[in-house]
Protein chains: 4
Amino acid sequence: MTEKQEKIVSSALRLFAEQGYASTSTSKVAKEAGVSEGLIFRHFKNKEGLLQAILSQGQEKVSHMFRSLESVNDPKEVIRRIIELPFSIEEDQKAFWKLLYALKWQANVYDDTMSIPIKQVLVPAFEKLNYSNPAAEAESILILIDGLAVAVLLRKPEQIGAIKQSILNKYHL
Amino acid sequence: MTEKQEKIVSSALRLFAEQGYASTSTSKVAKEAGVSEGLIFRHFKNKEGLLQAILSQGQEKVSHMFRSLESVNDPKEVIRRIIELPFSIEEDQKAFWKLLYALKWQANVYDDTMSIPIKQVLVPAFEKLNYSNPAAEAESILILIDGLAVAVLLRKPEQIGAIKQSILNKYHL
Amino acid sequence: MTEKQEKIVSSALRLFAEQGYASTSTSKVAKEAGVSEGLIFRHFKNKEGLLQAILSQGQEKVSHMFRSLESVNDPKEVIRRIIELPFSIEEDQKAFWKLLYALKWQANVYDDTMSIPIKQVLVPAFEKLNYSNPAAEAESILILIDGLAVAVLLRKPEQIGAIKQSILNKYHL
Amino acid sequence: MTEKQEKIVSSALRLFAEQGYASTSTSKVAKEAGVSEGLIFRHFKNKEGLLQAILSQGQEKVSHMFRSLESVNDPKEVIRRIIELPFSIEEDQKAFWKLLYALKWQANVYDDTMSIPIKQVLVPAFEKLNYSNPAAEAESILILIDGLAVAVLLRKPEQIGAIKQSILNKYHL
DNA sequence: GATGAATGAGTTTTCATTCAT
DNA sequence: AATGAATGAAAACTCATTCAT
């Protein structure tokens with residue numbers, strides 16, 4: 001990726017996350033990135049291609065996040081780490097996650113693949129802890145994580161520490 | 001509201017929910033509603049006005065949902081009812097909620113007012129049950145509800161019963 | 001067709017014929033027709049649709065031209081009339097024919113249907129005159145007609161009368 | 001001409017002939033030729049220059065075709081040879097002729113120079129055969145040739161042999 | 001000679017909105 | 001109230017051409 005390509009991707013990510021994919025014109029992106037509009041199409045074929053480039057670039061970082069979970073053995077530690085995921089989204093990753101969550105609501109874009117690796121780690125953890133329905137417990141955590149992500153990304157929850165504690169308590173962590 | 005007005009509102013709601021507000025053109029709405037494009041603007045002034053009409057029509061039904069909570073006295077019952085809210089979204093209301101959740105991610109539209117009445121009922125309930133941090137507990141529930149809404153509206157969760165049970169257990173309900 | 005629609009069609013026909021379909025922008029057409037560019041797309045869906053509208057409008061007039069041939073009985077008269085067709089293209093029809101001939105050379109547009117009704121009249125005529133290979137004679141006439149059309153539409157052949165006579169002589173007309 | 005230059009010219013010729021000059025972008029040409037887009041401009045200055053290169057390269061081969069006619073003395077043989085010209089277009093020359101004929105219809109490109117050497121040979125031939133209007137006869141042949149070229153280049157005439165015979169008969173050849 | 005990134009002007013197309021009827 | 005023709009501005013995308021390397 002050339003410097004300008006990266007500039008396009010990062011500008012687009014910021015704008016798509018802030019104003020939505022559909023409401024952000026390619027000309028806004030070009031202006032923000034300080035390049036000609038044509039360059040976007042030369043590098044990414046079309047607006048959709050630009051979105052895909054953003055998405056797959058993000059996926060890599062996400063996979064990296066998840067991979068660190070695989071080495072953890074203690075089931076309680078696994079669950080704690082997963083619950084803490086939304087709280088540990090770094091400032092420069094927020095735009096990516098905002099975009100991803102916003103896109104969920106757009107028909108035909110919904111993509112659940114991200115939850116699969118989490119489930120693969122969670123279910124065994126609940127099994128080890130002898131929960132009666134490990135699959136349902138894993139689903140519940142995923143649901144909780146979605147809620148936490150909304151809170152972290154859209155609101156700036158004041159009592160974030162207290163909330164985290166309250167949730168961890170429910171799982172005796 | 002005349003019959004045609006209602007047709008416009010319901011068609012717009014369906015389309016906005018499915019494809020997003022920004023990606024739905026007024027001409028698509030007109031076609032779906034079987035009316036002329038001009039009529040939308042005669043009745044709702046502009047696209048934004050149409051959205052507002054949809055939103056305030058929905059708000060009425062939402063207020064109604066909440067009002068039934070006020071009469072409940074038993075704190076455990078209050079909490080249970082609130083957790084069950086997302087599961088009780090009726091099929092014909094789903095489009096409205098999808099639209100509302102999708103709009104959350106659109107900059108400058110985020111609106112937290114809906115959570116206020118819930119908090120006003122939840123905090124006293126947790127106080128009565130002697131939870132150590134009732135405000136944080138209330139926040140946690142709101143977060144959970146957002147997660148549940150995503151699940152109910154976007155996925156077709158098979159084990160929805162088991163999930164609900166797992167969550168209620170956390171609150172000893 | 002409204003007045004503006006017809007204005008668009010006639011302007012487009014003139015420009016497409018003069019400068020070629022691909023080299024004529026819709027904005028040129030709009031300017032020439034004195035309408036907004038958007039109107040072209042509202043009425044004809046896209047540039048291709050505008051072309052089709054021009055073509056099918058032209059086809060009607062052409063069919064009319066051909067229908068008058070069907071009532072002729074004398075085979076010699078049939079042949080003479082057909083040979084004279086290119087010479088009888090009226091000034092206001094020239095643009096249509098220029099466009100049609102130009103499009104022939106564009107891959108995937110070539111369309112031979114126009115020659116079918118001519119063949120259906122020509123072959124029987126040559127049969128009646130006891131030509132040894134009526135089908136080949138009909139084809140030869142069609143070929144000649146294409147050549148004549150090129151001459152009439154692109155050049156202003158000086159000795160047009162003499163040329164016509166020379167050709168008719170070949171068929172003893 | 002370097003190898004790459006020739007690759008550009010031959011690719012451009014094929015594409016211009018198949019899809020038209022205006023509808024063929026320089027980037028398509030570059031891709032087809034397997035060279036960078038910039039190279040086209042380094043070698044041919046601009047798109048128009050590329051076209052001219054194709055055209056003048058073709059002209060050479062055409063002149064060669066005509067030159068062989070000059071040595072023929074028998075007037076009947078001259079006429080026969082000229083009528084046979086369109087049938088003798090070799091497969092690898094068809095693209096060039098298609099391009100040339102397509103360009104005729106593009107305003108301000110029409111170029112009649114090619115017909116001049118033919119006329120210079122044909123008129124004397126008809127004079128020798130005592131035709132009453134040799135100039136008109138020559139024109140008729142040119143017109144016929146245009147028609148034959150359309151047939152040979154655009155259609156795949158099955159009965160081409162029969163057609164050729166039918167035409168030669170008209171000139172008692 | 002050759003590449004490919006980059007541009008700017010233009011092209012096709014969409015869309016919210018207005019207006020005469 | 002209702003239509004549908006019409007618009008102007010902006011959107012997505014294309015393309016011939018330039019230029020640094």
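Order of the sequence lines sets the chain letters (A, B, ...), proteins ahead of strands, with each chain counted from 1.
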Any [X] side-chain N or O less than 4.0 Å from OP1/OP2 of [N]:
| X | N | value |
| --- | --- | --- |
| A/T2 | E/dA6 | yes |
| C/K4 | F/dT7 | yes |
| A/S27 | F/dA11 | yes |
| B/R42 | F/dA1 | yes |
| A/H43 | E/dA6 | yes |

[X] [atom1] to [N] [atom2]: how many Å, rounded?
| X | N | atom1 | atom2 | value |
| --- | --- | --- | --- | --- |
| C/I40 | F/dA6 | CD1 | C1' | 13 Å |
| C/K45 | E/dT13 | NZ | P | 9 Å |
| C/E3 | F/dG4 | CD | C1' | 16 Å |
| D/M1 | E/dA2 | CE | C1' | 17 Å |
| A/N46 | F/dA11 | CG | C1' | 14 Å |
| D/F41 | F/dC15 | CZ | P | 12 Å |
| A/K31 | E/dT7 | NZ | C1' | 15 Å |
| B/I8 | F/dA1 | CD1 | P | 10 Å |

Does [N] have a Watson-Crick or wobble partner in any strand here, with both distances under 3.5 angstrom, and which is it?
| N | result |
| --- | --- |
| E/dT12 | F/dA11 |
| F/dA16 | E/dT7 |
| F/dT21 | E/dA2 |

Let me know, please, whether B/K28 or D/E37 comes out on the 5' side of the other along DNA chain E by nearest nucleotide. D/E37

Check every atom of F/dT17, E/dT12, F/dA2 against the side chain of B/L39 and return the nucleotide holding the closest atom. F/dA2

By the 4.0 Å heavy-atom rule, please label [X] as base, sugar-phosphate, or nothing.
| X | value |
| --- | --- |
| C/Q5 | nothing |
| B/S23 | nothing |
| B/T26 | base |

Test: A/K104 cationic atom under 6.0 Å from B/Y101 six-membered ring centre, within 45° of axis: no

Is the cationic atom of C/K98 (NZ for Lys, CZ for Arg) positioned less than 6.0 Å from the six-membered ring centroid of C/F16 and within 45 degrees of its normal? no

Over all heavy atoms of both residues, which pair between A/T24 and A/K47 is shortest? Give the atoms and the distance, please. O-NZ, 2.9 Å

Between C/V35 and A/K47, the residue closer to the 5' end of DNA chain F by nearest nucleotide is C/V35

Of A/A22 and C/G38, the one whose closest DNA chain F nucleotide lies more 5': C/G38

C/I40 pairs by side-chain contact (heavy atoms from CB on, under 4.5 Å) with which of C/V9, C/V29, C/N46? C/V29

Side-chain donor/acceptor of C/E32 to backbone N/O of C/A12, under 3.5 Å: no

Do we see a donor-acceptor contact under 3.5 Å between the side chains of A/E37 and A/S27? no

